[in-house]
Amino acid sequence: MAGQWKDLQARLSSRGSDKNGQSSGAGIETGASDRSALRAVTDRSCPKNRKVRELEIMRWSSYFIPTLREVPADAEVISHKLLLRAGMVRQLSAGLYSYLPTAQRSVLRIAAIIREEMEAVGAQEFFLTALNPAELWQESGRWALMGPNMFRLKDRKGAEMCLGMTHEEVMTDIARRELRSYKQLPQVWYQIQTKFRDEARPKSGLLRVRQFTMKDAYSFDVDQAGLDQSFEAQRKAYCRIFSRCGLDFEIVDADSGAMGGSASNEFMVYTDAGEDLVVSCPKCHYAANLEKATARIAPIDDGAEVAQIEKFPTPGVRTIDDLVNFPGGASADRQIKTLVFIAVAAKGNDAQNRPLLALLRGDHSVNEAKLSNAAARLVNKDGWELVNLRAAHPEEIHDLLGAHPGSLGAVGVKGPLVIVEESLRGRQNMTTGANEDDHHLRGVAVDRDIEPAAWADLRNVVEGETCPKCDGALHVAKALEVGHIFKLGTKYSVAMGASVLNADGKETPVIMGCYGIGVERILAAAIERNHDEAGIIFPISIAPFQVILSPLNMKDEEVRNLAEQLYNSLRASGIEVLFDDRDERAGVKLNDADLVGFPFQIRIGPKKLKEGLVEFYDRATRQSGDIAADSAIEVTLARVQAAYRQLNERFV
RNA sequence: CGGGGCGUAGCACAGCCUGGUAGUGCGCUCGGUUUGGGACCGAGAGGUCGGAGGUUCGAAUCCUCUCGCCCCGACCA
């Protein structure tokens with residue numbers, strides 16, 4: 001991995017000067033590929049205008065950065081507020097955002113980093129259509145599974161279409177048509193594409209949206225060992241991508257959810273704006289999404305088994321707490337909590353609603369992802385597929401158990417599937433509802449009195465419980481998912497018939513992996529993690545510009561002249577510089593620069609210039625220092641390079 | 001989908017309860033004075049009050065419907 005990284009660096013540094021005299025030398029990454037493509041067109045079509053256009057495009061007076069003084073009322077999370085205030089994005093509709101030029105520059109730079117790291121592990125870039133025919137999704141079974149989260153439409157002939165939420169089906173379709181032999185494998189294909197999801201509730205600015213950019217990669221291998229290698233290569237590439245983007249992240253064990261498959265890792269960035277909870281151990285490397293996390297809990301001494309269950313009246317008792325405080329009640333960890341769910345299952349065109357009881361210790365809370373997995377396993381046994389799992393309505397509960405929530409239990413229950421949480425194994429002298437309003441049972445022994453259809457881990461781990469791997473105390477924190485890698489296995493290749501002949505001449509389904517990154521989430525996460533009261537503090541690798549050049553008084557001729565000079569020299573040195581040539585007061589320029597978060601600023605003021613000095617300002621530390629005006633280029637280059645080194649160092 | 005909140009000038013908001021000439025700050029335009037952390041003075045431009053219907057002599061204001069946005073929950077590769 002270190003070797004690959006050095007190769008990459010060498011490639012970057014060996015990039016020559018282009019024809020406009022802009023050099024990408026000195027190892028400074030400029031996201032040059034997109035820009036040079038643009039330039040090539042301009043060069044041919046309008047050579048005379050090119051110079052004018054290029055000079056003006058990096059001048060704030062003509063560049064579009066509509067910063068806001070006041071915070072828009074609709075914004076809640078910090079990244080959303082700052083993206084709006086910094087003039088980077090504007091909202092078009094719920095969950096739909098326009099990226100203005102500075103945001104687009106950042107997004108392109110993030111995409112460029114992703115491309116470099118994908119190519120470095122041998123992944124090949126595709127460009128697929130966002131518009132997909134329904135048939136493909138029907139083949140994989142996800143047409144039904146995705147439900148209302150998928151944007152659907154009909155073409156003029158009435159054929160059903162959808163907007164892609166992800167591209168397993170399309171990639172698998174290409175694979176099945178073209179791949180014939182194990183000799184063609186492995187293949188790793190990726191794209192950076194717009195995805196559409198009709199989210200029930202878009203929110204938090206760019207964090208949960210209905211249209212976004214995703215890098216999605218798919219690997220095709222002939223055997224499990226190959227998949228393991230592909231998976232590992234992606235995992236390492238992801239580490240480099242997020243590091244180069246300046247993000248601190250945690251790799252966590254994750255639930256595979258509707259994607260199916262076995263191993264699954266999420267790349268998480270800790271932030272309160274995130275919607276996931278990560279359980280981590282400070283003593284070892286254990287980290288898992290709450291949906292997957294486990295913990296060891298202390299055994300509880302239940303005393304000697306009593307022979308008889310005893311029903312007793314509990315007027316008005318509705319909650320676990322009520323029963324704790326009720327005379328003759330029980331502590332929460334000696335109660336059995338009974339929750340009723342409806343599993344919606346399908347088999348072909350048949351559908352059925354199956355009631356399901358989840359039993360947990362009174363002081364534990366149910367984790368619906370775990371419950372859903374357990375329910376799916378049960379339902380699958382009979383050849384059905386779990387479509388949905390929902391909490392039962394109060395009327396349904398009463399019809400089923402003859403009592404209202406607050407007095408429910410599973411003792412003697414025959415009809416519904418009963419799933420019992422692992423921590424209830426062997427427990428006795430427990431208290432639970434009697435399925436008769438205002439009555440409970442005590443003296444319940446789980447093994448003796450309850451008939452489980454399955455045992456399962458169903459509960460949420462809580463702060464402070466013991467790590468499953470060591471004796472550390474677990475920590476729970478909010479986090480944002482920026483990447484997710486799966487070992488899919490053969491779910492799609494079997495469903496859609498993608499197979500090759502192996503070395504023994506036997507037809508075998510290809511083994512797949514899929515690997516996703518939310519591009520704009522990287523941008524938003526970087527802002528969540530890097531900001532202060534003045535604004536954004538961009539990591540240099542993804543900043544819209546590396547440097548802002550700020551003459552503090554445009555009326556002063558000497559200031560103006562030096563600024564022009566420095567501007568040209570910086571550009572010639574390959575620095576991405578924005579020239580704040582606006583005729584604004586110093587305060588406005590300084591505040592705007594801090595708000596948008598350019599990593600470095602060169603400030604030219606009339607007084608210091610008389611002594612031959614300019615100021616070099618570091619946005620992250622908010623420290624500035626005087627430097628000789630004629631050393632400004634040298635200093636800037638050194639600081640920019642040092643900033644990149646700092647980001648890259650973790651993987652050398 | 002359930003609960004809550006909000007739609008009035010580019011932005012942030014007041015006015016609504018108690019119906020009668022649509023306002024404040026910032027931003028914008030012009031003139032002048034200023035010029036190192038979001039200047040000051042003066043003069044201006046800018047609003048179908050989200051939309052439709054109703055009540056009324058008269059509706060931003062009251063009533064009904066509707067659309068949109070935000071937040072909480074449900075949901076979420």
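The sequence lines fix the lettering, A, B, ..., with proteins before strands; numbering per chain opens at 1. Side-chain atoms are counted along with the backbone in the values below, which use heavy atoms only and exclude waters and symmetry mates.
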For a quick test of reading the model: is some side-chain N or O of A:R585 closer than 4.0 Å to OP1 or OP2 of B:A39?
yes

It should be established whether A:S93 places a side-chain nitrogen or oxygen under 4.0 Å from OP1 or OP2 of nucleotide B:G68.
no

Could you tell me which nucleotide pairs with [N] by Watson-Crick or G-U wobble geometry, both distances under 3.5 Å, or answer none if nothing does?
N: B:G20; answer: B:C57
N: B:G2; answer: B:C72
N: B:G25; answer: B:C11
N: B:C65; answer: B:G51
N: B:C30; answer: B:G42

Base, sugar-phosphate or nothing for [X]? Non-hydrogen atoms, less than 4.0 Å.
X: A:N591; result: base
X: A:D592; result: base
X: A:F341; result: nothing
X: A:D216; result: nothing
X: A:A586; result: sugar-phosphate
X: A:R210; result: nothing
X: A:R390; result: nothing
X: A:E266; result: nothing

Check the distance between [N]'s [atom2] and [X]'s [atom1] and give it to me in whole angstrom.
X: A:D583; N: B:G32; atom1: CG; atom2: P; value: 13 Å
X: A:N553; N: B:U35; atom1: CG; atom2: C1'; value: 5 Å
X: A:L207; N: B:C70; atom1: CG; atom2: P; value: 13 Å
X: A:E275; N: B:C71; atom1: CD; atom2: C1'; value: 13 Å
X: A:E533; N: B:G38; atom1: CD; atom2: P; value: 15 Å
X: A:L552; N: B:U35; atom1: CG; atom2: P; value: 14 Å
X: A:Y97; N: B:C70; atom1: OH; atom2: C1'; value: 10 Å
X: A:R201; N: B:G73; atom1: CZ; atom2: C1'; value: 7 Å

Say you pick atom [atom1] in [N] and the same atom in [M]; how far apart are they, in whole Å?
N: B:U56; M: B:C63; atom1: P; answer: 16 Å
N: B:A45; M: B:C30; atom1: C1'; answer: 10 Å
N: B:G5; M: B:G46; atom1: P; answer: 36 Å
N: B:U55; M: B:U8; atom1: P; answer: 27 Å
N: B:U61; M: B:G15; atom1: P; answer: 15 Å
N: B:C76; M: B:C13; atom1: P; answer: 34 Å
N: B:A12; M: B:G47; atom1: C1'; answer: 16 Å
N: B:G51; M: B:G68; atom1: P; answer: 15 Å

Taking the side chain of [X] as heavy atoms from C-beta outward, which of [options] is closest to it?
X: A:K608; options: B:G38, B:C69, B:G36; answer: B:G36
X: A:R69; options: B:C13, B:G37, B:C26; answer: B:C26
X: A:K203; options: B:C72, B:G36, B:C69; answer: B:C72
X: A:Q91; options: B:C75, B:G38, B:C70; answer: B:C70
X: A:P606; options: B:G37, B:G36, B:G68; answer: B:G36
X: A:N149; options: B:G36, B:G38, B:C76; answer: B:C76
X: A:K555; options: B:U34, B:G38, B:C75; answer: B:U34
X: A:E76; options: B:C76, B:G38, B:C71; answer: B:C71

Please tell me whether [X] and [Y] have a donor and an acceptor in their side chains that are separated by less than 3.5 angstrom.
X: A:D581; Y: A:S61; answer: yes
X: A:S264; Y: A:H484; answer: yes
X: A:Y97; Y: A:E520; answer: no
X: A:H167; Y: A:Q191; answer: yes

May I ask you to say whether A:E160 pairs ionically with A:R152, meaning some side-chain N is under 4.0 Å from a carboxylate O?
no

Is the shortest distance from a Lys or Arg side-chain nitrogen in A:R176 or A:E139 to a carboxylate oxygen in the other one below 4.0 Å?
yes

Please tell me whether A:Y218 and A:F126 form a close aromatic pair, meaning their ring centres lie under 6.0 Å apart.
no

Any chance the rings of A:Y515 and A:Y238 have centres within less than 6.0 Å?
no

Can you say whether a donor on the side chain of A:E584 sits under 3.5 Å from an acceptor on the base of B:G38, or the other way round?
no

Between B:G27 and A:E70, counting only base atoms on the nucleotide and side-chain atoms on the residue, is there a donor-acceptor pair under 3.5 Å?
no

Of A:E291 and A:G605, the one whose nearest nucleotide on RNA chain B sits closer to the 5' end is A:G605

Both A:S204 and A:R622 contact RNA chain B. Which one's nearest nucleotide lies toward the 5' end?
A:R622

Inter-residue atom distance A:I397.CD1 - A:I342.CD1, 0.5 Å rounding
8.0 Å

